[in-house]
There are 2 protein chains.
Amino acid sequence: MVNPGFTGSPLNRVDHIRNDLDAFNALLNDWRGRVLGLEGLDPKVSDEGTLVWQSLAEVSLDLELILLGLHEDRAHFVPIIEARGGPPRSPAVWRALSMMPTEDAAIYGTARSLIDWHNGHRFCGQCGSPTKTFRAGWGRKCGACGKEHFPRTDPVVIMLAEFEGKALVGRQPSWPQGNYSALAGFLEPGESIEEAVRREIHEEAGVTCGAVRYVTSQPWPFGGSQLMIACVAEAQGSEITIDTNELEDAMWVTKEEARAALADAPDKKFGAPPPFAIANTLLRRWVAE
Amino acid sequence: MVNPGFTGSPLNRVDHIRNDLDAFNALLNDWRGRVLGLEGLDPKVSDEGTLVWQSLAEVSLDLELILLGLHEDRAHFVPIIEARGGPPRSPAVWRALSMMPTEDAAIYGTARSLIDWHNGHRFCGQCGSPTKTFRAGWGRKCGACGKEHFPRTDPVVIMLAEFEGKALVGRQPSWPQGNYSALAGFLEPGESIEEAVRREIHEEAGVTCGAVRYVTSQPWPFGGSQLMIACVAEAQGSEITIDTNELEDAMWVTKEEARAALADAPDKKFGAPPPFAIANTLLRRWVAE
């Protein structure tokens with residue numbers, strides 16, 4: 001079974017050290033510590049296709065460091081650089097991410113999510129005053145009102161509706177020509193996963209669903225930090241009415257057609273999502289069912 | 001099968017109206033509209049134990065209203081009052097919530113989460129300037145840098161470790177005497193649900209787990225807006241080492257013992273979590289397996 005993308009980090013997150021300033025400082029002064037190499041928000045990649053790590057001595061003392069975790073007794077950090085951004089623009093970065101060991105992609109994803117969060121929370125949402133890093137980079141605290149802010153993760157539901165052995169996939173206008181994927185949307189306050197799945201399928205494709213079953217989950221580190229929650233929902237009919245603000249097209253596909261898409265067959269009906277996207281894992285699990 | 005707490009809202013969230021200012025204004029001027037009655041952040045409760053709704057005419061024109069959704073063609077709103085707070089202090093409020101129709105508790109939970117979110121996001125985390133409500137109360141926009149903020153929901157994993165037919169439950173010092181519940185903790189950036197479940201059980205109780213299976217989910221509207229994700233994890237041993245910063249005690253219980261706790265039997269080994277908490281649903285599902 002293929003692991004979902006951006007999972008499988010070997011780092012121990014050592015929550016107890018985050019709250020222990022002495023222990024954190026000791027790690028900052030331990031020469032074995034490693035700092036993640038970045039080019040802007042993108043990962044530096046070695047000739048072998050792995051992440052590049054620098055020694056603590058190579059990093060400017062001005063940079064604040066986040067403690068990503070420990071592995072084989074070595075602390076792993078990432079600097080809080082001033083940068084924000086959505087998904088990588090360069091196809092080379094996407095290629096590198098898809099070729100990288102999954103452990104490396106998982107570490108990079110965590111680092112990128114945290115940097116993005118710090119840049120978006122330099123001020124307190126409650127009172128507008130500047131915030132400061134605390135908890136070894138796993139929080140920011142307001143200097144004025146004292147409110148503590150913690151890295152956010154937004155749950156997103158991503159799902160296939162299923163009807164008579166076929167699954168519902170859709171495409172957004174901005175995607176590469178011919179590509180289709182699972183429908184998806186942010187879970188809202190006051191909803192369960194199951195309710196969000198039914199709401200999103202109905203909003204985007206006009207399809208009413210009953211039972212929802214959970215399949216798997218993965219983090220997604222671009223444009224914020226998202227928790228992708230993959231499900232399959234039982235549709236109660238096959239008539240599609242798409243919301244043209246969200247989708248350009250939607251269609252029902254057979255397992256045979258999904259297999260051809262995942263295998264990138266020459267006569268495929270549609271292009272499948274890339275391997276590190278959970279929609280790919282979801283389609284694979286669905287055709288294997 | 002009992003629904004998880006705070007789920008089952010009958011309101012249609014009408015996402016398309018949030019982005020349509022004319023349609024939203026039309027609803028604000030429709031006399032059939034209803035506004036949720038609150039006392040501070042707590043719900044007003046009728047003699048029948050249901051939520052209390054006011055007409056639009058009864059509400060001060062100074063209050064901004066969030067469009068919770070439509071039901072039977074009537075718009076349902078809640079005012080953005082200036083109030084923040086954790087879980088209700090009054091036992092009467094908890095009693096009312098547990099007696100209320102689940103549909104009403106779900107509507108109240110959504111409203112409370114949104115009010116709390118607005119109060120915590122009156123300023124832009126990116127630049128510190130004031131933000132303004134937009135999208136019918138489902139977002140705030142910075143007047144200076146233009147950044148758009150959306151209501152957050154924090155995923156929390158809550159789980160039973162299982163070993164040789166017994167489940168692991170723990171108690172926090174602040175809980176009523178004798179009460180035990182499932183372990184729980186916030187999911188962090190860069191983690192899947194399964195990884196967060198294993199990490200939390202290991203951090204809090206020193207138990208290593210393998211496979212994780214998803215059981216159910218529900219929103220939790222107190223102290224922010226949380227998505228509670230309930231799972232069962234296969235433990236690889238039964239030795240417990242508790243993190244005393246998190247837990248006062250932890251123990252393995254049999255299905256028989258869990259049944260007695262859920263039934264509030266006189267000779268019960270521990271007190272079970274209340275019905276509207278997902279830990280209660282999780283225990284019920286586990287004993288029924």
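We name chains A, B, ... by the order of the sequence lines, and we start the count at 1 in each one.
Residues B:W138 and A:P189 meet the side-chain proximity criterion, which asks for heavy atoms closer than 4.5 Å. The closest side-chain heavy-atom distance from B:D154 to A:F150 is not below 4.5 Å.
Ion pairing of B:R18 with A:E188 is present here, as a side-chain N (NZ or NE/NH1/NH2) and a carboxylate O approach within less than 4.0 Å.
For the atom pair A:N19 CG and B:N245 CG, the distance stands at 8.0 Å (nearest 0.5 Å). Atom CZ of B:F123 and atom CZ of A:F123 lie 12.0 Å apart (nearest 0.5 Å). The structure places CD of A:Q126 at 8.0 Å from CG of B:N119, a figure rounded to the nearest 0.5 Å.
Looking only at heavy-atom pairs under 4.5 Å with chain A, the residue among B:L187, B:T131, B:I193 that has the most is B:I193. Among the candidates A:A111, A:S129, A:C127, the residue making the largest number of heavy-atom pairs closer than 4.5 Å to chain B is A:C127. Note on B:H149, B:E194, B:R122, B:R140: by heavy-atom pairs under 4.5 Å with chain A, the leading option is B:E194. Top candidate by heavy-atom pairs under 4.5 Å with chain A, chosen from B:V14, B:I107, B:D15, is B:D15. For the options A:S192, A:G125, A:P130, A:P151, heavy-atom pairs under 4.5 Å to chain B are most numerous at A:G125.
For residues 219-233 of chain B, a heavy-atom distance under 4.5 Å to chain A picks out B:P219, B:S225, B:L227, B:I229, given by residue number. Scanning residues 6-13 of chain B against chain A with a 4.5 Å heavy-atom cutoff picks out B:F6, B:T7, B:G8, B:S9, B:R13, ordered by number. Applying a 4.5 Å heavy-atom cutoff, the residues of residues 196-205 of chain B that approach chain A are B:R199, B:E203.
In terms of heavy atoms, A:T153 sits closest to B:R152 at N-NH2, 4.3 Å.
Residue contact with chain A, scored on non-hydrogen atoms closer than 4.5 Å, involves the backbone of B:Q218 exclusively. Contacts of A:L114 with chain B are made by side-chain atoms alone, with heavy-atom separations under 4.5 Å and no backbone atom involved. Only the side chain of A:S113 comes within contact range of chain B, with heavy atoms under 4.5 Å apart. Neither the backbone nor the side chain of A:F186 comes within contact range of chain B, judged by heavy atoms closer than 4.5 Å.
Checked against side-chain hydrogen bond (donor to acceptor under 3.5 Å, both in side chains), B:E82 has no partners two or more places apart in sequence or in another chain.
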